[in-house]
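Working notes, structure below.
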Amino acid sequence: MSTKHLYGSFFLIIFTVVMVGCSQPNEPKEEATKPNIIIIYADDLGYGDVGAYGSTELKTPNIDKLANGGVRFTNGYASSATCSPSRYALLTGVYPWRNDRAKILPGTAPLIIDTARMTIPKMLRAEGYHTGIVGKWHLGLGSGNVNWNEHIAPGPNEVGFDYAYIMAATQDRVPTVYIEDGFVTGLDPDDPIEINYRENFDGEPTGKENPEMLKMKWHHGHNNSIVNGIPRIGFMKGGESAKWVDENMADTFLVRAQKYIIEHKDEPFFLYYALQQPHVPRTPHERFVGSSGMGPRGDVIVEADWCIGELIKTLEEQGVLENTLIVLSSDNGPVLNDGYYDDAVEKLGNHTPSGLLRGGKYSLFEAGTRVPFIAYWKDKIQPATSDAIISQIDIFASLAKLVNSTEKSQDSQNLLDVLMGKSQQGREELILEATTRTALRKGDWILIPPYKGPAKNKMVNIELGNSNEYQLYHLSEDIGQQNNLADTNREKLEEMVDTFKRIRGDQYNNTKALELK
């Protein structure tokens, strides 16, 4: 063969190989887009406060849209009947009774989540998510003796959140300021903030001593420093330019949540949107005053529902709703009079915040921890009602499974298929907590051990679940917990007690009395 023909054949072979390579590219498959994740967390919203859960007097069309378009859980639980423990359990996947500091916190409490502990935002950030919190924190800040005029740490940023726009504790506690990534917003350095939960500052008015300055009257506790005409828990001096306007709080948090979505729509994001409603003081914006006919408590629930609708609208407008898993729940059950006179009792009418459940906030009875619990993902989750037992503690492991993370947590169970409506096999056992007292839910049964203390807290008019005897209820036949079967079903009682002690240990009776401040 001539040299010319040899070169020609060589180039023909090279050309063929190149063309075959081009026509059959060996490119890696494009990785599936990670879903955005939003947890909407209401504050003191009861099982019966939502239309989809039976409310006929109070209208919640936007929450109902999520419930009717996703999985509505009838046995969805907060870990606890109060806020800080539930928030701890939600973010860590750990029972709050394992942490002695996981209790209702003052505004000056140090951070109760160990910065070395794995959390939902840490786990998701490791999987490529941008993580943000907007709203109520109430898990402590700093290491004690916080200087509110400098960078405040550790806090949300140190436990996994890339962005944080929060209030430190609750709307009724000082400091009454917003904190963005560790700095008080709008603070004038010439008017520094001072906080004290033990004694007042000289010359500063209080709700107890200056009732003429109040636009909202206190019922119990809530009689310390006055901000915007509302008496608070704790004493505060200074920081006038940084103080929030209570009636604008819902709008302020909503706008920040919407801004977060818009800024991070082009990357996987996790948003923990922690509403302050319907916690006291209930201060609806003037747009919602009178909207419920039930006074401020009903009005702020209507306001919260509107905020949720606006958030969903933002997801739609930004084109990310179809790729966003939304989980909505509440940190604990309902309470009417929680420290202020605001007509919550007088204007209740036929509305029942607890639905068919017994008790409420602070209570070991079902209404303390069984709350609205909804999972929504447009076109991915089919509408359904689920009776599976699921806890907010399980969100950690379930989200880890969703994003293929190998991280685990001590008490969290992977119930992703339950959350997605693909399975009805929820938890078999669950420890529930209320102000350091604990109970056991197992199958259709619930056990409440004997505890000292009053049967009812008269200030808030809620049964606490305390009794000198064991209480055993069969919830599928007695959802209102009216028939104690502890004496008539000793075999089941012994089984439940054994299970409870196996999980909880023998020190379950080391409890502390409920303090309402």
Side-chain angles (χ1 to χ4, degrees), residues 44 46-48 77-86 96-97 100 102-106 170 172-173 208 218-223 233 279-280 297 330-342 344-346 348 352-371 431-441 446-473 475 478-487 493 496-497 500 504 506-517:
D44 296 353
Y47 192 89
Y77 287 89
S79 75
S80 308
T82 54
C83 49
S84 297
S86 289
W97 47 264
D100 291 339
K103 56 187 178 182
I104 304 173
L105 301 176
T170 56
D172 56 349
R173 286 175 171 81
K208 187 174 183 179
W218 60 278
H219 179 269
H220 58 270
H222 301 86
N223 57 14
I233 300 173
H279 195 282
V280 296
R297 184 178 186 275
S330 176
D331 62 352
N332 50 249
V335 58
L336 295 177
N337 181 345
D338 205 20
Y340 297 98
Y341 289 99
D342 65 359
V345 176
E346 293 79 3
L348 187 64
T352 52
S354 298
L356 298 175
L357 308 179
R358 185 177 180 182
K361 184 178 181 179
Y362 311 115
S363 177
L364 272 179
F365 288 123
E366 282 290 273
T369 50
R370 197 194 293 205
V371 290
I431 298 292
L432 300 166
E433 188 263 350
T435 60
T436 71
R437 299 162 297 132
T438 44
L440 170 69
R441 171 80 195 261
I446 191 157
L447 169 78
I448 303 177
Y451 290 109
K452 297 178 181 179
K456 176 184 285 189
N457 185 288
K458 294 180 180 179
M459 286 186 181
V460 295
N461 193 31
I462 289 176
E463 293 181 289
L464 299 177
N466 294 330
S467 172
N468 294 326
E469 307 293 334
Y470 278 104
Q471 297 176 75
L472 180 68
Y473 300 101
L475 295 176
D478 180 25
I479 193 172
Q481 295 177 283
Q482 298 301 308
N483 187 18
N484 183 5
L485 302 176
D487 288 336
L493 176 65
M496 295 287 286
V497 170
F500 176 73
R504 184 66 179 87
D506 292 328
Q507 303 301 313
Y508 70 89
N509 229 337
N510 294 337
T511 62
K512 296 180 181 179
L514 170 63
E515 293 183 31
L516 297 178
K517 299 178 180 180

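In what follows, every heavy atom counts, from backbone to side chain, and hydrogens, waters and symmetry copies are set aside. Starting from 1, each residue takes its place in the sequence as its number.
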Non-neighbouring partners of T82 that pass side chain to side chain donor-acceptor pair (under 3.5 Å), sequence neighbours left out = none

NE2 of H220 to OH of Y340: how many Å apart, nearest 0.5 Å?
-> 10.0 Å

Which atom pair, heavy atoms only, marks the closest approach of G360 to I462?
-> N-CG2, 3.7 Å

Donor-acceptor contact below 3.5 Å, side chain Q482 vs main chain G480 = yes

Return the set of residues passing salt bridge (charged side-chain N to carboxylate O under 4.0 Å, His left out) with D342 (not counting sequence neighbours), or none when no residue passes.
-> R282

What one should report as the nearest heavy-atom pair of D44 and S330 is N-OG, 3.7 Å

Contact summary for S86 and S79, nearest pair of heavy atoms | CA-OG, 3.4 Å

Any salt bridge (Lys or Arg N to Asp or Glu O under 4.0 Å) involving residues 456-468? Give me the pairs, sequence neighbours left out, ordered by first then second residue.
-> R358-E463

Heavy-atom pair with the smallest gap, counting every atom of S80 and E433 | OG-OE1, 2.8 Å

Heavy-atom closest pair (N337 atom, G339 atom, distance to 0.1 Å) is OD1-N, 3.1 Å

Is D506 reaching over with its side chain to a backbone N or O of Y508, donor-acceptor style, under 3.5 angstrom?
-> no

Any donor and acceptor pair, going by atom type alone, linking the side chain of S363 with main-chain N or O of G368 inside 3.5 Å?
-> no

Taking the side chain as every heavy atom from C-beta outward, state whether R370 and L475 have any atom pair closer than 4.5 Å.
-> yes

Is E469 atom CD crowded by more than 12 heavy atoms from other residues, nucleotides or ligands, each under 6.0 Å away?
-> no

Give, for atom OG1 of T369 and atom CD1 of I446, the distance between the pair rounded to the nearest 0.5 Å.
-> 6.5 Å

N484 side chain vs L472 backbone, donor-acceptor pair below 3.5 Å | yes

Residues which pass side chain to side chain contact (heavy atoms under 4.5 Å, CB included) with N483, listed by chain and number, not counting sequence neighbours | D478, L485

Evaluate side-chain contact (heavy atoms from CB on, under 4.5 Å) for I431 paired with L440, printing each intermediate quantity in order.
-> CA-CA 5 Å; I431 298 292; L440 170 69; 4.0 Å; yes

Taken in chain and number order and not counting sequence neighbours, the residues that satisfy side chain to side chain contact (heavy atoms under 4.5 Å, CB included) with N466 are R437, Y451, P454, L464

Keeping the roles fixed (side chain from N332, backbone from C83), state whether a donor-acceptor pair exists under 3.5 Å.
-> yes

What residues form a side chain to side chain donor-acceptor pair (under 3.5 Å) with Q481, not counting sequence neighbours?
-> none

Hey, what do you get for OH (Y341) to CD (E346), rounding to the nearest 0.5 Å?
-> 9.0 Å

Contacts of P450 that satisfy side chain to side chain contact (heavy atoms under 4.5 Å, CB included) - sequence neighbours left out | Y470

Applying ring-ring contact (aromatic ring centres under 6.0 Å, His included) to Y473 and not counting sequence neighbours gives none

Could I get the full list of side chain to side chain contact (heavy atoms under 4.5 Å, CB included) partners for T170, not counting sequence neighbours?
-> K136, H138, D172, R173, H279

Under the ring-ring contact (aromatic ring centres under 6.0 Å, His included) test, residues paired with Y47 that sit two or more places apart = Y53

Looking only at heavy atoms, what is the nearest atom pair of R297 and P334, with distance?
-> NH2-CB, 3.5 Å

So Y362 and I104, side-chain contact (heavy atoms from CB on, under 4.5 Å) or not? Walk me through it.
-> CA-CA 10 Å; Y362 311 115; I104 304 173; 4.2 Å; yes

Set of residues satisfying ring-ring contact (aromatic ring centres under 6.0 Å, His included) with respect to W97, sequence neighbours excluded = Y95

Residues two or more places apart in sequence or in another chain: which of them pass salt bridge (charged side-chain N to carboxylate O under 4.0 Å, His left out) with D487?
-> R490

